[in-house]
Structures are given as C-alpha cells and as structure tokens.
Amino acid sequence: MAVTILAAGLAAVTLAVLAARLWWPFDLLTHFRLQYLAAALALLLLAMAAGARPAAVLLVVVLAVHGWAVRDLWLPRGDPPLAADALPLTVFAANVLAENPRPEAVVAAVRDKRPDIVVLVDARGARWREPLARLGALYPQAAPDTWAAAAGPVVILSRFSIRHERLAPRTADRPPYLLTTMTIAGRAVTVVGVHPTSPEPFDGRDSHARNRQLDRLGRHLARIDGPAIVAGDFNTSLWSPHARALLRAAGLRPAAAGFGWHATWPLRPALARVPLDHVLVRGPIAVTDFRSGPPVGSDHLPVAADLRLEKAPADRT
C-alpha cells in the first residue's frame with residue numbers, strides 16, 4: 001500500500017513537470033529529473049518485490065519519462081566536423097557568491113585551470129576588488145569597463161580581444177547578462193556571461209522575471225550571426241521549458257551533453273544538487289571535455305568546458 005501511494009505521488013510530480021509551462025511552481029520541479037529517476041527505480045524494485053503490479057507499471061512509465069529527459073547527459077548531440085587546425089580554448093564559469101569567505105579559492109582555481117575565457121558571476125563588493133585585480137593581471141581583456149570596482153553582476157576576463165560589450169537593460173534587481181564580441185581565430189565570436197534572477201519558492205514574480213530575461217537573451221542572440229558561447233549561472237536547469245526555449249531560439253547546444261552528470265547547486269546536500277550553471281555553444285565549435293568543481297567557497301560549483309573553434313578561412317596557415 002505504501003509503495004502504491006509513493007508511486008502515485010511520484011507520478012503526480014511527473015505530470016506537474018510535464019505541465020511546467022502552465023504554472024511557475026511546476027517549473028521549479030523540472031530541475032530534479034535524475035532524482036526522480038533514482039526514486040522511480042528504487043520504488044519499482046520495491047513494487048516488484050511486493051507484487052504491486054499497478055504501481056510497477058506506473059513506475060515504468062515514470063522511469064521512461066525521466067530517462068528520456070536525461071538521455072543527453074550521456075548521449076552527445078553531435079558536434080560539427082572541424083578541421084584539424086581548429087583552435088582549442090577553455091571556458092571557465094562560476095557563481096562565486098558575493099559573501100564567499102574564500103575568494104582566494106576562486107583565484108587558485110583560475111590559475112590552476114588556466115582558461116582562455118573566465119565568466120564570474122556575483123563577484124560584488126569590497127572583498128572582491130583585490131581578487132579581481134589579481135585575476136585581471138592574468139588577462140589582457142576584461143568587461144564591463146567597471147569590472148575592477150566589483151560592482152557588476154557579471155565579469156568576463158579573456159585572453160582574446162574584446163571588440164564590443166553591452167550590458168542587458170536592468171530588469172528585476174540587475175542586468176541579467178553581459179554580451180561581448182571577441183575576435184578569436186579570425187572570427188567574431190559572441191561571448192555572453194549570464195545571471196538571470198533567481199526564482200523564489202514562494203513567490204512567482206522572480207520566476208516570471210527570469211523567464212522574461214531568458215526570452216530576451218534568446219531573441220537577442222537570434223539577431224546575431226556567427227558562433228556564440230554563453231556561460232554562467234542560469235538559475236535553471238536545461239529541463240525547464242523556458243531554458244529549452246532559449247536553446248531553440250538562439251540555436252545553442254549544451255557543452256555538457258555527453259559528459260555525464262554535472263550538478264552545481266546547492267553544494268550541500270549533494271543528493272539535492274541540480275545543474276544550474278552551464279556553458280552553451282553555437283556554430284563551428286566542438287566540445288572535447290566538460291567538468292565541474294572543485295568547490296571554491298561558493299554554494300555553486302564552477303564549470304569548465306574545453307572547446308575547439310573552427311578558424312576563419314583567412315586565419316588558416
């Protein structure tokens with residue numbers, strides 16, 4: 001009896017996930033797909049042991065629904081074929097937490113990984129000025145212009161030339177993204193650092209604000225031609241219908257596809273962790289590796305993606 005009740009409850013949650021676009025609380029449930037999958041498998045074994053056939057059938061359906069949703073964690077979508085001389089580059093993104101008690105851990109992680117592009121979210125306040133100065137000394141280019149003051153929602157550091165930068169118009173409590181254009185391998189590459197509004201569990205206004213910000217970003221990127229890299233704390237998993245709409249509108253694909261489970265928030269408890277921090281790519285870019293961690297004093301884990309970018313024809317030797 002208990003197994004049947006639990007199976008029915010999990011099935012009800014699954015229906016809510018499928019209807020996530022209809023009501024913002026349902027959307028909050030979309031991020032726990034792997035947890036639902038694990039719970040359904042455990043309950044299925046219990047149902048089979050107890051001979052609860054209706055519950056077992058229901059749980060098989062739940063397993064199929066969530067298994068299909070998470071398939072891209074291990075099955076890559078396929079990168080475009082690139083020439084052998086494609087340029088390798090690494091992107092590092094982290095929500096470093098304004099109140100982080102260990103900002104030096106962020107500096108150490110960047111020094112260790114030596115990425116070509118760094119996207120830092122929430123590096124705000126006096127405690128971040130000195131760490132940002134140390135990181136800025138490692139990179140010849142940075143955005144926005146006010147990055148050294150540690151006053152903005154997103155900072156981008158780069159080994160490549162930044163030709164243009166634009167902060168999105170402020171919505172809710174901050175500009176939700178910083179858009180730059182970099183010259184990489186002879187190409188104009190759009191690189192965006194993202195930090196939309198964080199949804200609150202008991203107030204739908206922040207969820208609606210985040211959705212509008214993601215929609216605006218998708219429409220903005222759809223108007224820009226060429227390769228793109230979008231990284232940061234999206235405050236949503238890619239299983240949300242609003243995140244999927246962003247992928248479709250901008251022609252983006254997740255760099256993490258095919259590299260397994262990389263949940264980034266919250267740091268504890270680990271079993272509740274979900275993937276909110278992403279690197280997304282578009283155009284002649286292949287992904288050779290994706291990883292998360294180690295902890296840097298924030299409640300988010302950082303992520304890093306190793307990429308290869310097709311050189312512009314005129315840039316080949």
Side-chain angles (χ1 to χ4, degrees), residues 33 67-93 113-119 141 156-164 177 179-194 214 217-232 234 237-240 243-264 275 277-293 302-317:
R33 293 283 202 161
W68 180 257
V70 304
R71 69 193 186 283
D72 291 336
L73 295 176
W74 291 276
L75 298 176
R77 294 169 182 250
D79 289 324
L82 303 182
D85 65 347
L87 179 74
L89 65 145
T90 298
V91 177
F92 174 89
K113 295 180 183 298
R114 303 177 64 186
D116 301 284
I117 298 171
V118 178
V119 176
Q141 298 281 300
I156 296 178
L157 307 171
S158 175
R159 301 193 193 280
F160 307 107
S161 173
I162 298 178
R163 293 166 33 192
H164 168 78
Y177 60 88
L179 186 146
T180 68
T181 303
M182 299 185 189
T183 301
I184 308 176
R187 293 181 179 271
V189 180
T190 300
V191 178
V192 186
V194 178
L214 293 176
L217 174 59
R219 288 186 282 111
H220 194 162
L221 288 171
R223 297 193 298 268
I224 301 173
D225 294 329
I229 301 169
V230 185
F234 287 68
S237 70
L238 299 182
W239 297 311
S240 165
R244 293 200 300 271
L246 166 65
L247 298 181
R248 289 194 300 270
L252 297 165
R253 61 189 190 276
F259 293 98
W261 177 243
H262 290 282
T264 58
D277 302 81
H278 311 286
V279 177
L280 311 177
V281 298
R282 180 182 76 188
I285 298 174
V287 184
T288 58
D289 192 22
F290 186 92
R291 52 204 179 275
S292 56
V303 294
D306 293 336
L307 312 175
R308 294 174 65 242
L309 170 68
E310 183 84 85
K311 294 180 180 179
D315 205 57
R316 289 180 179 165
T317 57

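Every value quoted in this text rests on a predicted model; they were computed, and no experiment measured them.
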Heavy-atom closest contact (P80 atom, G283 atom, distance): CG-O, 3.6 Å

Side-chain heavy atoms of S240 within contact of F234, under 4.5 Å: no

pair I117-L89: side-chain heavy atoms closer than 4.5 Å: yes

Intermediate values then yes/no, side-chain contact (heavy atoms from CB on, under 4.5 Å), R308 and D79: CA-CA 10 Å; R308 294 174 65 242; D79 289 324; over 6 Å; no

Side-chain heavy atoms of V303 within contact of T264, under 4.5 Å: yes

A249 to A222 - nearest heavy-atom pair and separation: O-CB, 3.4 Å

Stepwise side-chain contact (heavy atoms from CB on, under 4.5 Å) check, T181 with I162: CA-CA 6 Å; T181 303; I162 298 178; over 6 Å; no

Pairwise side-chain contact, V194 with V119, heavy-atom cut-off 4.5 Å (strictly under): no

Side chain W239, main chain A69, donor-acceptor under 3.5 Å: yes

Residue pair P254 / H278, side-chain heavy-atom distance below 4.5 Å: no

Distance, nearest 0.5 Å, that separates CE of M182 from NE2 of H164: 12.0 Å

Option passing side chain to side chain contact (heavy atoms under 4.5 Å, CB included) with V230 (candidates V279, V192, V281): V192

Rounded distance [0.5 Å steps], CG in L252 versus CG in L217: 7.5 Å

side-chain contact (heavy atoms from CB on, under 4.5 Å) between E310 and I285, worked out: CA-CA 6 Å; E310 183 84 85; I285 298 174; over 6 Å; no

Main-chain N/O of I184 paired to R187 side chain as donor or acceptor, under 3.5 Å: no

Main-chain N/O of G226 paired to R282 side chain as donor or acceptor, under 3.5 Å: yes

Euclidean distance, L87 CG relative to F160 CZ, rounded to 0.5 Å: 5.5 Å

N/O donor-acceptor pair under 3.5 Å between T288 side chain and D306 backbone: yes

Residue R114 excluded, over 12 heavy atoms near CZ under 6.0 Å: no

Validation row: F92, D116 side chains within 4.5 angstrom (heavy atoms): no

Shortest non-hydrogen contact from A305 toward A255: CB-CB, 4.1 Å

P115 backbone acceptor or donor facing R159 side chain under 3.5 Å: yes

Spacing of L280 atom CG and I229 atom CD1 [to the nearest 0.5 Å]: 10.5 Å

Rounded distance [0.5 Å steps], CH2 in W74 versus CZ in F259: 14.0 Å

F290: partners by ring pair (Phe, Tyr, Trp, His ring centres under 6.0 Å), with sequence neighbours left out: H262

Least distance between heavy atoms, A312 atom then G186 atom: CB-O, 3.5 Å

D289 and T90, any side-chain heavy atoms less than 4.5 Å apart: no

Minimum side-chain heavy-atom gap L179-H220 below 4.5 Å: yes

Nearest-0.5 Å distance, CZ of residue R244 to CG of residue L214: 12.5 Å

